[in-house]
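Heads up, the thing below is written out as structure tokens.
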Amino acid sequence: MNNNETRSPVSFVVNVARLPKSGLPVKIVADESQRAELAEAHGLLSVENYRADLVVTAWKRNGVRVSGTVQGAITQACIATLEPLQATVKEKVSGIFLPEDSKLGRSGFEGGGEILLDFDGPDSPETFAGDTLDVGALAEEFFGLGIDPYPRKSGLPAGPEGEAEEIAKPRQDWQEKLRRLTQKS
């Protein structure tokens with residue numbers, strides 16, 4: 001979540017230096033122009049609604065934990081027919097962030113020792129600079145992960161039309177030739 005990244009259409013910057021003990025609730029509801037920017041950024045026909053409900057809490061000494069959900073209704077183009085398809089995105093948002101000068105974030109990487117990774121476990125903490133964090137950009141990342149990269153209209157065959165017949169035809173020709181040879185012997 002570096003400040004040099006492209007600004008998110010649903011950007012919501014939180015000052016993490018003074019978080020309440022119970023956490024800071026954040027609600028992001030995208031307006032029409034933000035939804036249009038989201039659609040363009042994610043290659044969608046449209047975004048009908050977008051909402052993120054997050055809680056930003058302190059984590060360990062100087063870290064920050066962001067958790068919650070992001071959801072939306074989108075319209076995508078079918079990859080086979082290009083017809084508009086309605087879809088729903090609903091993803092859990094979860095992230096841990098540490099200041100870039102935190103020793104906790106560097107442990108293991110500088111010592112040359114082994115680092116154990118649990119693929120089913122939580123992600124490693126990310127770093128941030130200064131005392132602000134864009135939680136809106138984080139929610140958008142999870143929104144993007146929830147979008148089907150290959151939307152397909154239901155009821156369509158698995159491949160391009162006629163592909164199955166073209167694959168089956170050479171096999172049938174080969175089988176027919178084999179039958180003829182075996183009948184001659």
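- Side-chain atoms of Q76 come within 3.5 Å of backbone N or O of D148 as a donor-acceptor pair.
- The minimum heavy-atom distance linking G146 with E91 is given by the pair CA-OE2, 3.4 Å.
- A heavy-atom distance below 4.5 Å is not found between the side chains of V70 and R51.
- Remark: the backbone N or O of D31 is paired with a side-chain donor or acceptor of Q34 at under 3.5 angstrom.
- Taking 4.5 Å as the limit, every side-chain heavy atom of W59 sits out of range of all side-chain heavy atoms of V64.
- Residues D134 and S11 have side chains that bring a donor and an acceptor to within less than 3.5 angstrom of each other.
- Under the rule for a salt bridge (charged side-chain N to carboxylate O under 4.0 Å, His left out), R35 has no partner lying at least two apart in sequence or in another chain.
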*Evaluate the criterion side-chain contact (heavy atoms from CB on, under 4.5 Å) for residue pair V66 and L133; output intermediate values, then yes/no.*
CA-CA 10 Å; V66 181; L133 183 65; 4.1 Å; yes
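- Here the straight-line distance linking atom CG of L145 with atom CD of E140 works out to 10.5 Å at 0.5 Å rounding.
- Proximity of a side-chain donor or acceptor of N49 to a complementary backbone N or O of A73 within less than 3.5 Å is detected.
- You'll find the side chain of Q86 reaches within 4.5 Å of the side chain of E48, heavy atoms only.
- Under the rule for a ring pair (Phe, Tyr, Trp, His ring centres under 6.0 Å), the partners of F143 that lie at least two apart in sequence or sit in another chain are H42, Y50.
- The CG atom of L45 lies 9.5 Å from the CD1 atom of I74; values are rounded to the nearest 0.5 Å.
- For the pair F97/L138, a side-chain contact is recorded, criterion being any heavy-atom separation below 4.5 Å from C-beta on.
- Counting heavy atoms from C-beta outward, L24 and V14 have side chains that approach closer than 4.5 Å.
- Q71 CD to T69 OG1: the interatomic distance, rounded to the nearest 0.5 Å, is 5.0 Å.
- Grouping the Ile, Leu, Val, Met, Phe, Trp and Tyr side chains by contacts below 4.5 angstrom, directly or via other members, places V10 apart from V55.
- If you take CG on L54 and OG on S94, they are separated by 10.5 Å, rounding to the nearest 0.5 Å.
- Closest of all the heavy-atom pairs between A77 and P151 is O-CG, 3.2 Å.
- The shortest distance between side-chain heavy atoms of L19 and T57 does not fall below 4.5 Å.
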*Are V26 and V56 close enough, and set up right, to give a side-chain contact (heavy atoms from CB on, under 4.5 Å), and what steps lead you there?*
CA-CA 7 Å; V26 175; V56 184; 4.1 Å; yes
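- To the nearest 0.5 Å, atom CD of residue E32 and atom OG of residue S46 are 11.0 Å apart.
- At least one side-chain heavy atom of V16 sits less than 4.5 Å from a side-chain heavy atom of F128.
- The shortest side-chain heavy-atom distance between L85 and T75 does not fall under the 4.5 Å cut-off.
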